[in-house]
Student: 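What follows is a single structure, and I will ask about it in a moment.
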Number of protein chains: 2
Amino acid sequence: MALQSTACKTCSLNPLCLPVSLSFADIEKLDEIIKRGRPIQKGEHLFHQGDAFTSVYAVRTGTLKTYTLTKDGEEQITGFHLASEMIGLSSYDVATYQASAKALETTNVCEIPVALLDELSNQLPDLRRQIMRIMGREIREDQQMMMLLSKKSAEERVASFLLSLAHRFKRRGYSERMFRLTMSRSDMANFLGLAVETVSRVFTRFQHQELISFGGNAKEIHVLQHGELCNIASLSDAERLELGLLDLTNS
Amino acid sequence: MALQSTACKTCSLNPLCLPVSLSFADIEKLDEIIKRGRPIQKGEHLFHQGDAFTSVYAVRTGTLKTYTLTKDGEEQITGFHLASEMIGLSSYDVATYQASAKALETTNVCEIPVALLDELSNQLPDLRRQIMRIMGREIREDQQMMMLLSKKSAEERVASFLLSLAHRFKRRGYSERMFRLTMSRSDMANFLGLAVETVSRVFTRFQHQELISFGGNAKEIHVLQHGELCNIASLSDAERLELGLLDLTNS
DNA sequence: CGTAGACTTGACGCCTCTCAACGTTAGTGG
DNA sequence: CCACTAACGTTGAGAGGCGTCAAGTCTACG
């Protein structure tokens with residue numbers, strides 16, 4: 001497991017994270033405004049919905065979930081966030097966080113005060129562009145999620161979810177065929193718009209078809225037949241593109 | 001019906017649109033890069049998914065829908081866009097449009113070449129912030145849509161949709177109690193993740209309960225009981241906030 | 001005036017939710 | 001180290017909301 005440095009310029013994640021496309025000098029300026037605090041324990045909150053919006057965060061190690069509250073106090077999970085992913089940008093136009101962020105395991109984050117980030121993006125056009133790229137990507141991901149929620153069956157949703165995780169782990173240098181599901185079944189179900197029982201049933205069906213298997217506990221998953229899982233997921237071109245499965249050579 | 005000017009500085013929409021919070025001088029600079037072409041006819045495309053990403057657009061009059069294509073060639077509508085709303089920003093980090101945009105009626109747009117907008121946002125921090133605000137809001141709207149799609153019943157979805165439209169018309173100076181549904185039942189169903197028949201059935205039920213009524217054709221809707229519709233929609237706090245229904249005085 | 005598309009209405013079936021019971025894991029304290 | 005317990009996960013049975021199919025009605029446009 002790669003140890004992430006405490007400075008962007010030496011951090012193994014910087015090709016995936018905010019510093020992408022920044023010059024060495026610019027990364028140093030960015031480093032100056034970033035705060036790296038103590039780790040957050042599992043179950044602990046990074047911020048709560050309604051807190052004053054002071055900082056955005058980049059995940060250094062671990063996983064977080066972000067969620068909003070429905071009318072009756074249930075949570076609606078809006079995303080799971082792995083190393084190098086940014087949290088909080090969607091609150092940019094309001095004074096308070098519009099979601100809560102909770103650690104699913106022990107997690108380290110880089111805190112970036114928005115006031116300073118805002119100031120710095122006036123000076124560094126590349127940084128500004130990178131922030132806008134990240135926001136643009138998030139919009140597209142959310143829209144793919146909308147497609148998943150409005151058009152896909154339970155099996156398609158679970159398969160898509162697993163492929164998305166696999167791809168994100170791969171990009172970070174981990175195995176795409178074996179990884180830990182740090183979120184509970186209930187969290188997955190919530191995120192995918194399904195009942196816990198349905199998620200569980202799909203997992204058992206996938207195991208019987210020998211598409212996946214679980215090691216020891218129900219957390220560690222092995223993806224046995226990546227290709228078949230892709231078929232089941234009925235991915236759109238947009239999703240294939242995001243997962244790096246689309247051949248860009250065809251017109 | 002208010003006629004929108006062909007310059008931002010005199011446009012009645014500018015308090016809702018990109019120029020928000022720009023100084024008079026800055027608006028003039030923005031005006032210089034905006035192109036205002038001929039109207040787009042109903043059914044015509046503003047751009048297609050896959051076209052080179054050259055410009056973002058602000059709707060001046062009319063309505064557009066944006067959509068992506070699913071694996072089997074069906075469209076998945078990602079949004080309806082009324083006057084003053086921006087289109088195309090979600091493609092900011094890629095070379096091609098990630099969605100298609102099609103006019104639902106005769107529509108006028110302001111075209112803003114991204115190269116120039118990008119350049120100008122280096123010079124005008126307020127413009128940059130406004131763009132990021134718009135993107136942040138879009139992310140939150142998409143996440144509310146995800147909640148609608150994963151948690152709400154057919155009646156809740158339709159009620160929420162009508163309230164959203166009503167609110168947006170109101171903000172633009174039109175009646176919130178009577179407006180034209182420029183999109184087809186099929187478009188609404190697609191957007192809301194429902195079958196056309198279900199949308200139609202919900203409309204008849206709402207009519208029997210005298211919550212709404214239709215004038216003449218099936219396009220012009222009257223909202224008879226706004227409050228009751230709010231109850232049916234089971235709006236989250238985030239949605240109430242967006243619709244201006246939340247009392248911010250309580251802690 | 002005729003036709004195509006949009007909209008409505010009804011009947012039926014299926015996918016997924018709900019409810020309930022049971023098995024398993026992890027964390028706690030003795 | 002083990003017993004205990006609460007949270008998590010799995011499995012089954014039953015029900016209901018919504019999708020699908022089909023037919024009929026209405027509207028718009030040539």
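Computed from a predicted structure; not experimentally measured. A note on names: the letters A, B, ... follow the listed sequences, proteins ahead of strands, and every chain is numbered from 1.
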Student: Is the phosphate of C/dC7 approached by B/Lys219 (side-chain N or O, under 4.0 Å from OP1 or OP2)?
Tutor: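 Yes, such a contact exists.
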
Student: Pull out every protein N or O sitting under 3.5 Å from an N or O of nucleotides 17-20 of chain D, one pair per line with the distance.
Tutor:
| from | atom 1 | to | atom 2 | distance (Å) |
| --- | --- | --- | --- | --- |
| D/dC18 | OP1 | B/Ala154 | N | 2.9 |
| D/dG19 | OP1 | B/Gly193 | O | 3.4 |
| D/dG19 | OP1 | B/Ala195 | N | 3.2 |
| D/dG19 | OP2 | B/Ala195 | N | 3.1 |
| D/dG19 | OP2 | B/Thr198 | OG1 | 2.3 |
| D/dT20 | O4 | B/Arg201 | NH2 | 3.0 |

Student: How are the rings of B/Tyr97 and B/Phe53 set relative to one another: parallel (under 30°), tilted (30 to 60°) or perpendicular (over 60°)?
Tutor: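 Aromatic pair B/Tyr97/B/Phe53 classed perpendicular.
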
Student: Rounded to the Å, how far apart are A/Leu148 CG and C/dT16 P?
Tutor: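 About 12 Å, once rounded to whole Å.
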
Student: Return yes when atom CZ of A/Arg205 has more than 12 non-hydrogen atoms of other residues, nucleotides or ligands closer than 6.0 Å, and no otherwise.
Tutor: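 Yes, because the 6.0 Å sphere around CZ of A/Arg205 holds more than 12 heavy atoms from other groups.
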
Student: Which atoms of nucleotides 25-30 of chain D (N or O only) lie under 3.5 Å from a protein N or O atom, and what are those distances?
Tutor:
none

Student: Please report the closest heavy-atom contact between A/Leu16 and A/Ser84, naming both atoms and the distance.
Tutor: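 Of all heavy-atom pairs spanning A/Leu16 and A/Ser84, the closest is CB-OG, 3.6 Å.
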
Student: Looking at B/Glu176 and B/Arg168, is any side-chain nitrogen of the basic one under 4.0 Å from a carboxylate oxygen of the acidic one?
Tutor: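 Result for this pair is no, no salt bridge flagged.
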
Student: Tell me, with the steps shown, if B/Tyr67 and B/Phe191 meet ring pair (Phe, Tyr, Trp, His ring centres under 6.0 Å).
Tutor: CA-CA 9 Å; B/Tyr67 62 91; B/Phe191 180 63; over 10 Å; no

Student: Between A/Thr204 and D/dT11, does any side-chain N or O lie under 4.0 Å from OP1 or OP2?
Tutor: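 Checking D/dT11 against A/Thr204, a side-chain N or O does come within under 4.0 Å of OP1 or OP2.
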
Student: So what does B/Ser184 touch, heavy atoms closer than 4.0 Å: a base, only the sugar-phosphate, or nothing?
Tutor: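 If one applies the 4.0 Å heavy-atom cut-off, B/Ser184 turns out to touch the sugar-phosphate alone, with no base involved.
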
Student: C/dC7 C1' sits how many Å from B/Gln207 CD, rounded?
Tutor: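 Taking atom C1' of C/dC7 as the reference, CD of B/Gln207 is at 12 Å.
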
Student: Assess, by modelled atom type and distance only, whether the side chains of A/Ser55 and A/Glu111 contain a donor and an acceptor separated by less than 3.5 Å.
Tutor: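 Result is yes, a qualifying pair exists.
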
Student: Rounded to the Å, how far apart are B/Asp187 CG and C/dA6 P?
Tutor: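 It is 9 Å, rounded to the nearest whole Å.
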
Student: Can you tell me the distance, in whole Å, between the CZ atom of A/Arg180 and the C1' atom of D/dC8?
Tutor: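 For the pair A/Arg180 CZ and D/dC8 C1', the rounded distance is 14 Å.
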
Student: In this structure, how many angstroms lie between the C1' atom of C/dT9 and the CZ atom of B/Phe203, rounded?
Tutor: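 Taking CZ of B/Phe203 and C1' of C/dT9, I get 16 Å after rounding.
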
Student: Can you give me the closest heavy-atom contact between A/Thr66 and A/Ala101, atom names plus distance?
Tutor: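 Nearest pair, atom of A/Thr66 first, then A/Ala101: CG2-CB, 4.0 Å.
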
Student: Please determine, by modelled atom types, if B/Gln76 and A/Ser150 share a side-chain donor-acceptor pair under 3.5 angstrom.
Tutor: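 Yes, a side-chain donor-acceptor pair sits under 3.5 Å.
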
Student: On the 0 to 90° scale, with breaks at 30° and 60°, tag the A/Phe169-A/Tyr174 ring pair as parallel, tilted or perpendicular.
Tutor: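 The arrangement is perpendicular - the two ring planes meet at more than 60°.
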
Student: Round to a whole Å and report the spacing from CG of A/Asn190 to C1' of D/dC8.
Tutor: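 After rounding, the gap between these two atoms is 15 Å.
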
Student: Rounding to a whole Å, what distance do you find between B/Met183:CE and C/dC7:C1'?
Tutor: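 So the CE-C1' distance, B/Met183 to C/dC7, works out to 16 Å.
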
